[in-house]
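Okay, so here's the structure we're looking at.
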Amino acid sequence: MTTQFYGACSLDGFIATPDHDLSWLLQFGEIEGSSYPAFIRDVGALAMGSHTCEWTLKHAIGAGLLDELIVQVAPVTLGAGAPLLPRRITQPGALRLQSVATLGGLFAELRYAVQLP
C-alpha cells in the first residue's frame with residue numbers, strides 16, 4: 001500500500017489565500033488530463049482538510065509513512081496564505097522527482113518519491 005499526498009498549489013507555493021479561500025483554484029474547473037480520476041479510483045482511505053494535512057506532513061513524513069507527493073502547480077501567484085508544505089525538508093535526496101506532466105496547457109503536475117530516513 002502506498003501513502004500519497006495529492007494537492008494543488010499556486011506557483012508561489014500556497015494552497016489557499018490568507019483567509020482560506022480556494023476560489024483562485026476553483027476558477028479553473030475540471031483540468032483536462034488531470035490525474036485525479038485515476039488517483040481517487042485507487043484510494044483506500046482519504047484525509048482532507050488543512051489541519052489533517054499539517055498533521056500528516058508533520059508526523060507521517062518524519063515517521064516514514066509518506067511515499068509520494070503529487071502536486072499540481074497552477075499558473076497564479078497568491079503572495080501569501082496557507083503553504084503547500086508547512087514543513088522544511090532540506091535533506092539532499094529526500095524528495096526525488098519522478099515525473100513532470102503538463103495538464104490542460106495550464107498546470108504542471110510534479111510527482112516526487114519521498115525518501116526520508
Side-chain angles (χ1 to χ4, degrees):
M1 177 171 34
T2 301
T3 303
Q4 300 168 308
F5 170 86
Y6 189 103
C9 70
S10 62
L11 186 59
D12 54 352
F14 297 102
I15 60 173
T17 64
D19 60 347
H20 308 289
D21 184 23
L22 294 176
S23 61
W24 68 269
L25 178 60
L26 301 176
Q27 70 180 332
F28 294 101
E30 289 290 319
I31 303 301
E32 181 184 332
S34 173
S35 63
Y36 188 76
F39 166 77
I40 200 68
R41 179 184 61 235
D42 296 332
V43 168
L46 183 65
M48 293 182 125
S50 65
H51 294 290
T52 302
C53 175
E54 288 175 17
W55 185 93
T56 300
L57 293 171
K58 184 182 238 181
H59 298 284
I61 288 178
L65 300 177
L66 190 63
D67 301 304
E68 184 178 25
L69 297 173
I70 305 166
V71 180
Q72 296 176 347
V73 181
V76 298
T77 58
L78 300 179
L84 173 70
L85 299 173
R87 176 180 180 197
R88 290 175 51 132
I89 301 173
T90 59
Q91 300 152 321
L95 300 175
R96 294 255 181 214
L97 184 63
Q98 301 297 301
S99 67
V100 178
T102 302
L103 306 178
L106 295 172
F107 285 71
E109 181 178 271
L110 310 173
R111 288 178 176 256
Y112 287 92
V114 179
Q115 301 175 354
L116 294 176

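Scope of the values below: all heavy atoms of this structure, side chains included, with no hydrogens, waters or symmetry mates. Just so it is clear, the structure is predicted and the values come from calculations on it, not from any experiment.
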Which atom names give the shortest non-hydrogen contact between [X] and [Y], and what distance separates them?
X	Y	answer
R96	G93	CG-O, 3.8 Å
P18	A80	CD-O, 3.5 Å
C9	W24	C-CH2, 3.5 Å
L95	V114	CD2-CG2, 3.9 Å
L22	I15	CD2-O, 3.1 Å
V76	F28	CG1-CZ, 3.9 Å

**Message:** Any donor-acceptor pair under 3.5 Å linking the side-chain atoms of Q72 with those of Y6?
**Reply:** yes

**Gap between atom CG of D67 and atom CD of Q115 - 0.5 Å precision** = 10.0 Å

**Asked** Got a second to check how far L69's CG is from R111's CZ, nearest 0.5 Å?
**Response** 11.0 Å

